[in-house]
Amino acid sequence: MEATRRVAFLCSGFNGLTQQVWTALAPRFAASILVVGPQWDRLLDFKPHLVLAPYLNLRIPEFVYSQVPCLVLHPGPHGLGGPSSLNWAILEGRKDWAACIFEARQGWDEGPLWAEQSFELPKGSVIQLYRRTIAPQATALYQRAILRLWQGGDPLPRGEFRYQRRLTSADLEIDWSRPAEDLLAVVQAGDSQPGAWGEIEGKRYGLFGARLSAPQGRPGELLGFEESAALVACGKGSLKFSRLMPEGQVKLRAIEALKREE
């Protein structure tokens with residue numbers, strides 16, 4: 001059946017997750033196309049039998065999903081929707097998690113459910129969990145969803161649904177008086193988007209690539225550097241940052257960002 005179908009791969013960016021799904025699934029279809037961003041006319045001109053959206057941070061409009069089934073990968077369980085589900089899970093310290101495939105509808109993440117996989121959520125940043133946990137399951141999830149859809153099966157049952165708003169940097173403001181372990185989750189919830197922000201030596205920085213460390217000092221104090229990483233004291237323990245982003249600038253190695261501001 002796949003060998004006779006045309007499939008469009010829709011994404012907001014050709015990241016590692018999209019590349020993995022594209023590489024694994026595109027050769028299985030009669031024809032395929034990669035559409036990056038809201039190029040709706042180009043997508044529909046291709047006349048696909050199916051649209052796969054493994055990494056998407058925008059809504060698919062009704063005039064698209066009403067013409068062709070659009071299967072979206074959601075890095076969260078079917079009961080929790082919104083564009084920042086995985087970010088909120090890290091911030092809240094969730095342990096039980098899931099990834100699912102749903103069909104696009106008007107409500108964000110509220111369409112028919114075609115596949116879901118539960119798992120224990122390991123510790124790590126958003127980008128790490130995408131690479132190590134979500135991406136390895138994406139292809140198998142899509143295969144299950146496509147099979148169920150094209151064999152005429154019914155969607156999986158959906159229970160209660162809760163929409164979670166988009167996480168912003170305002171939700172991730174750093175208070176250095178808190179323990180390092182608590183602040184690690186805050187930084188990881190925003191790495192790499194939208195980013196946690198905190199003050200170091202009187203100036204604000206976006207904080208990325210955090211790891212726990214043992215040295216102690218006055219909360220917010222720059223304790224020094226370990227190679228190119230900056231060590232900052234917390235209420236208990238400290239955090240080591242590999243990357244910092246001065247306001248209005250790009251991410252830099254931490255030592256470069258702080259030396260530049262001297």
Side-chain angles (χ1 to χ4, degrees), residues 5 7-13 15 17-18 20-22 25 35-40 43-44 48-121 126 129-130 133-135 137-168 171 189-190 193-194:
R5 304 293 181 107
V7 172
F9 291 77
L10 172 65
C11 63
S12 295
N15 61 3
L17 173 60
T18 303
Q20 182 165 318
V21 173
W22 165 265
L25 296 182
V35 179
V36 181
Q39 304 179 63
W40 309 122
L43 187 153
L44 293 176
H49 296 94
L50 182 66
V51 174
L52 304 182
Y55 171 69
L56 198 64
N57 55 22
L58 51 84
R59 291 178 186 268
I60 299 175
E62 184 177 2
F63 72 86
V64 174
Y65 68 69
S66 63
Q67 296 185 56
V68 55
C70 300
L71 299 185
V72 180
L73 172 65
H74 174 54
H78 70 268
L80 288 174
S84 302
S85 293
L86 189 56
N87 307 72
W88 283 113
I90 296 170
L91 188 61
E92 295 167 358
R94 294 283 297 261
K95 298 187 183 300
D96 296 327
W97 201 239
C100 64
I101 304 288
F102 66 88
E103 191 172 344
R105 289 292 187 272
Q106 184 175 4
W108 195 294
D109 301 344
E110 294 186 71
L113 178 67
W114 292 103
E116 185 170 32
Q117 179 64 53
S118 300
F119 54 87
E120 183 175 340
L121 189 66
V126 173
L129 294 181
Y130 259 106
T133 306
I134 304 299
Q137 302 190 57
T139 298
L141 271 171
Y142 265 120
Q143 289 173 320
R144 286 160 49 192
I146 293 168
L147 184 64
R148 191 177 191 92
L149 175 67
W150 282 352
Q151 286 187 341
D154 293 326
L156 298 172
R158 298 196 66 156
E160 295 183 2
F161 178 83
R162 177 164 64 94
Y163 175 84
Q164 296 175 297
R165 64 175 174 81
R166 186 181 295 276
L167 191 79
T168 70
D171 300 305
Q193 290 291 337

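These numbers come from a predicted model, not from an experiment.
- In this structure, the separation between CG on L113 and CG on L71 is 10.5 Å, given to the nearest 0.5 Å.
- Note that the OG atom of S84 and the CG atom of N57 stand 10.0 Å from one another [nearest 0.5 Å].
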Intermediate values then yes/no, side chain to side chain contact (heavy atoms under 4.5 Å, CB included), W150 and L50: CA-CA 10 Å; W150 282 352; L50 182 66; 3.7 Å; yes
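- Note that CD1 of I60 and CG of L58 are 7.5 Å apart. Values are rounded to the nearest 0.5 Å.
- Between H74 and G82, the shortest heavy-atom contact is CE1-O, 3.8 Å.
- Annotation for A189 and I90: closest pair N-CG2, 3.8 Å, computed over non-hydrogen atoms.
- More than 12 non-hydrogen atoms from other residues, nucleotides or ligands lie less than 6.0 angstrom from CD of Q67.
- Using a 4.5 Å heavy-atom threshold, the side chains of I134 and Y55 count as separate.
- Atom CG of D154 sits about 7.0 Å away from atom CZ of R148, to the nearest 0.5 Å.
- Heavy atoms only, all atoms of each residue included: C100 and G76 are closest at SG-O, 3.4 Å.
- The main-chain N or O of Q164 is never found under 3.5 Å from a side-chain atom of W108 such that the two would form a donor-acceptor pair.
- Side-chain contact between W97 and S85 is present, with at least one heavy-atom pair separated by less than 4.5 Å.
- For the pair W88/R94, no side-chain contact is recorded, criterion being any heavy-atom separation below 4.5 Å from C-beta on.
- Using a 4.5 Å heavy-atom threshold, the side chains of P54 and T18 count as touching.
- In this structure the side chain of H78 never reaches within 4.5 angstrom of the side chain of F102, judged on heavy atoms.
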Verdict with supporting geometry, L52 and I146, side chain to side chain contact (heavy atoms under 4.5 Å, CB included): CA-CA 10 Å; L52 304 182; I146 293 168; 4.1 Å; yes
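- The backbone N or O of L73 sits less than 3.5 Å from a side-chain atom of Y142, completing a donor-acceptor pair.
- C70 places none of its side-chain heavy atoms less than 4.5 Å from the side chain of L10.
- Shortest non-hydrogen contact noted between W114 and E103 is NE1-OE1, 3.0 Å.
- Using a 4.5 Å heavy-atom threshold, the side chains of P48 and V7 count as separate.
- Pairing each heavy atom of F119 with each of T133, the nearest pair is CE1-CG2, 3.3 Å.
- Separation of atoms CD (E160) and CG (L80) is listed at 11.0 Å; rounding is to 0.5 Å.
- Counting only heavy atoms from C-beta outward, the side chains of L167 and P194 approach each other to under 4.5 Å.
- Of the possible donor and acceptor atoms, none in the side chain of R105 sits under 3.5 Å from a partner among the backbone N and O of Y65.
- Side chain of N87 to backbone of G190: no donor-acceptor contact under 3.5 angstrom is found.
- To the nearest 0.5 Å, atom CG of residue L17 and atom OG1 of residue T139 are 8.5 Å apart.
- For the residue pair R165 and D171, the shortest heavy atom distance occurs at NH2-OD1, 2.7 Å.
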